[in-house]
There are 2 protein chains.
Amino acid sequence: MPTSPEYARSVAEALKTLGLTKYEALVYVALLQVTKATATEIHELSGVPRASVYPVLDRLLQKNMVTVSHTTPKRFSATPPDNAINTLLREIEEKATYAKDVLGELWKDRTCIEGGDQELIWNILGDANITSRLRDLIYQAGNEIRIMGNWALLKDLREALEERAGEIRIDVIAEHWEGAVPEGVTVTTTVPPVWHEKGKMGERAGMLFVDGTKVMVAMGSHGEAPTALFSEAEGFVRFFSRYWDLIHGFGEKK
Amino acid sequence: MPTSPEYARSVAEALKTLGLTKYEALVYVALLQVTKATATEIHELSGVPRASVYPVLDRLLQKNMVTVSHTTPKRFSATPPDNAINTLLREIEEKATYAKDVLGELWKDRTCIEGGDQELIWNILGDANITSRLRDLIYQAGNEIRIMGNWALLKDLREALEERAGEIRIDVIAEHWEGAVPEGVTVTTTVPPVWHEKGKMGERAGMLFVDGTKVMVAMGSHGEAPTALFSEAEGFVRFFSRYWDLIHGFGEKK
DNA sequence: ACCGTGTTGTTTTTGTTGTAACAACATTTA
DNA sequence: TAAATGTTGTTACAACAAAAACAACACGGT
């Protein structure tokens with residue numbers, strides 16, 4: 001039984017995303033809590049069946065998470081978590097850059113299907129994903145950014161906006177702005193548009209124009225999982241562009 | 001069928017270490033090669049059974065690797081690999097730091113079993129793991145480093161050695177040294193000790209002393225998987241220390 | 001009525017999880 | 001010294017869960 005309280009579960013979960021199995025996680029965590037142990041001790045400490053301990057330790061050896069001393073009986077010892085996890089992580093990051101390389105190539109010369117995809121409206125699901133997409137759009141903007149939204153949405157984009165502030169024109173419409181306004185950014189405060197009133201304040205809501213050709217709109221979830229829309233469709237862009245101008249008329253420069 | 005040749009397999013492998021399943025990888029790679037596609041097209045492109053495409057796309061949607069357009073039929077589009085993979089990676093790295101935190105705490109106050117583990121000799125398996133361990137030892141050295149080895153072993157440690165060069169005393173014994181010798185490092189060249197002659201030259205071989213109390217010896221694999229030994233056992237340390245002095249007598253400062 | 005889409009089950013397969021049995025060895029006991 | 005006991009390391013295999021592969025069907029549009 002791990003002396004640790006509830007951490008056990010969440011840590012095991014974390015280790016699993018790093019590529020370990022449940023048993024591997026259990027054994028490693030158990031082994032961390034002593035300086036060394038025999039297979040049987042590990043079995044008692046971790047709750048993993050004794051017979052299963054051996055193959056598990058083999059795999060952990062390959063992964064450089066434990067070391068073995070060839071005495072009788074064999075003794076095992078955990079490598080310090082910092083080293084062990086960094087090793088795992090390096091492996092993963094390596095694969096990641098490789099995948100990025102190859103897939104990036106593949107993607108560059110993808111075949112352009114006729115019926116232009118620019119006319120479609122794409123959905124992005126999930127809060128984190130929406131923020132992530134907005135950030136990407138900001139970083140990849142060519143010459144102009146216009147963004148309007150509540151603070152819940154804007155606060156996670158400050159960093160990205162600041163970084164682009166020097167390079168391209170950035171206009172912001174917000175109910176308010178907390179902290180310093182970055183150099184090169186124009187902030188217009190105005191009465192809350194529709195999406196600010198809507199119930200829960202914590203929900204991200206707003207819209208982002210990039211280069212006058214792309215729009216992303218986050219609408220706040222109506223009970224469902226949060227969803228945002230992205231499009232380069234002309235009608236879609238024009239509609240929200242009008243809306244922007246309308247609101248902009250009300251606002252006051254800051 | 002993916003238009004790509006043999007990459008397909010290795011990329012799928014890489015994506016799996018990032019937490020995707022086989023189907024998820026296949027679908028994503030297929031979808032990358034076109035600007036957009038319906039479920040049926042994805043099925044044809046990827047070889048994944050049509051019925052399975054839907055749940056797979058759902059999961060990819062959650063992971064922000066594809067977007068959906070709610071037309072009839074639904075259209076799907078891959079998010080650019082850079083963004084997609086970074087999102088995956090961030091998730092994993094987050095878990096990793098969490099695990100490091102919690103496990104680091106756990107490890108700090110592990111219960112010290114009697115029969116001192118310092119008297120044991122520990123085995124480290126695998127080439128990468130050996131290098132990684134050597135590096136860790138170098139970074140964590142308190143006041144002195146002595147290292148002797150062939151170039152195959154030394155060349156991967158240059159960086160680590162350079163970093164510590166200013167802070168602590170470092171002595172190196174090598175058959176030769178390529179490139180500039182870092183400031184603060186003493187290199188002694190000498191005739192190749194036993195392990196240099198042994199057959200294959202590419203194999204890492206050598207020994208590392210840290211603070212006069214810890215030794216790690218990499219012996220070159222005799223057919224088996226490469227193995228290194230680590231110990232703080234007094235007899236073990238003394239034995240190799242003598243050996244060091246012996247070799248050192250032959251060498252010439254450089 | 002027909003075709004393709006999207007959905008719902010069910011079977012097969014794979015890999016992990018869990019149990020049982022056993023040979024090799026060391027230690028104790030007679 | 002030899003038998004008895006207990007532990008270690010291995011092997012085989014049952015149980016289970018998740019993913020993969022297949023089959024069937026309701027629905028909407030033509």
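In what follows, every chain begins at residue 1, and chains take the letters A, B, ... in the order their sequences are listed.
Following rounding to the nearest Å, A:L60 (CG) and C:dT16 (P) show an atom-to-atom distance of 13 Å. Taking atom CG of A:L15 as the reference point, atom P of C:dT16 lies 16 Å away to the nearest angstrom. Protein atom CG of B:L20 is 18 Å distant from nucleotide atom P of D:dA18, rounded to whole Å. Computed from coordinates, the A:E24 CD to C:dG18 P distance equals 13 Å when rounded to whole Å. Rounding to whole angstrom units, CG of residue A:L26 and C1' of C:dT16 are separated by 13 Å.
Checking the phosphate oxygens (OP1, OP2) of C:dT14, no side-chain nitrogen or oxygen of B:K22 falls inside 4.0 Å.
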Output side-chain donor-acceptor pairs under 3.5 Å for residues 231-241 of chain B, partner residues at least two apart or in another chain, one line each.
{"residue": "B:S231", "atom": "OG", "partner": "B:L120", "partner atom": "O", "Å": "2.9"}
{"residue": "B:S231", "atom": "OG", "partner": "B:A233", "partner atom": "N", "Å": "2.8"}
{"residue": "B:E234", "atom": "OE2", "partner": "B:R238", "partner atom": "NH1", "Å": "3.3"}

Anything under 3.5 Å between a donor and an acceptor, one on a side chain of residues 88-98 of chain A, the other on a protein residue two or more places apart or in another chain? List them.
{"residue": "A:T97", "atom": "OG1", "partner": "A:E93", "partner atom": "O", "Å": "3.1"}
{"residue": "A:T97", "atom": "OG1", "partner": "A:E94", "partner atom": "O", "Å": "2.8"}
{"residue": "A:Y98", "atom": "OH", "partner": "B:S10", "partner atom": "OG", "Å": "2.7"}

Distance-only donor-acceptor pairs under 3.5 Å for side chains of residues 58-67 of chain A, two or more places apart:
{"residue": "A:R59", "atom": "NH1", "partner": "A:E24", "partner atom": "OE2", "Å": "3.1"}
{"residue": "A:K63", "atom": "NZ", "partner": "A:G19", "partner atom": "O", "Å": "3.4"}
{"residue": "A:K63", "atom": "NZ", "partner": "A:E24", "partner atom": "OE1", "Å": "3.2"}

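Contact check on A:D156 versus A:R204 returns a salt bridge, with a Lys/Arg side-chain nitrogen under 4.0 Å from an Asp/Glu carboxylate oxygen.
Shown here are the side-chain hydrogen bond (donor to acceptor under 3.5 Å, both in side chains) partners of B:N86, two or more places apart in sequence or in another chain: A:K100. Legend: residues meeting side-chain contact (heavy atoms from CB on, under 4.5 Å) with B:A25, ordered by chain and number and at least two apart, are B:A12, B:L15.
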> Using a cut-off of 4.0 Å between protein heavy atoms and nucleotide atoms, how would you tag nucleotides 4-11 of chain D 5' to 3' with B, S and -?
Replying inline: ----BBBB
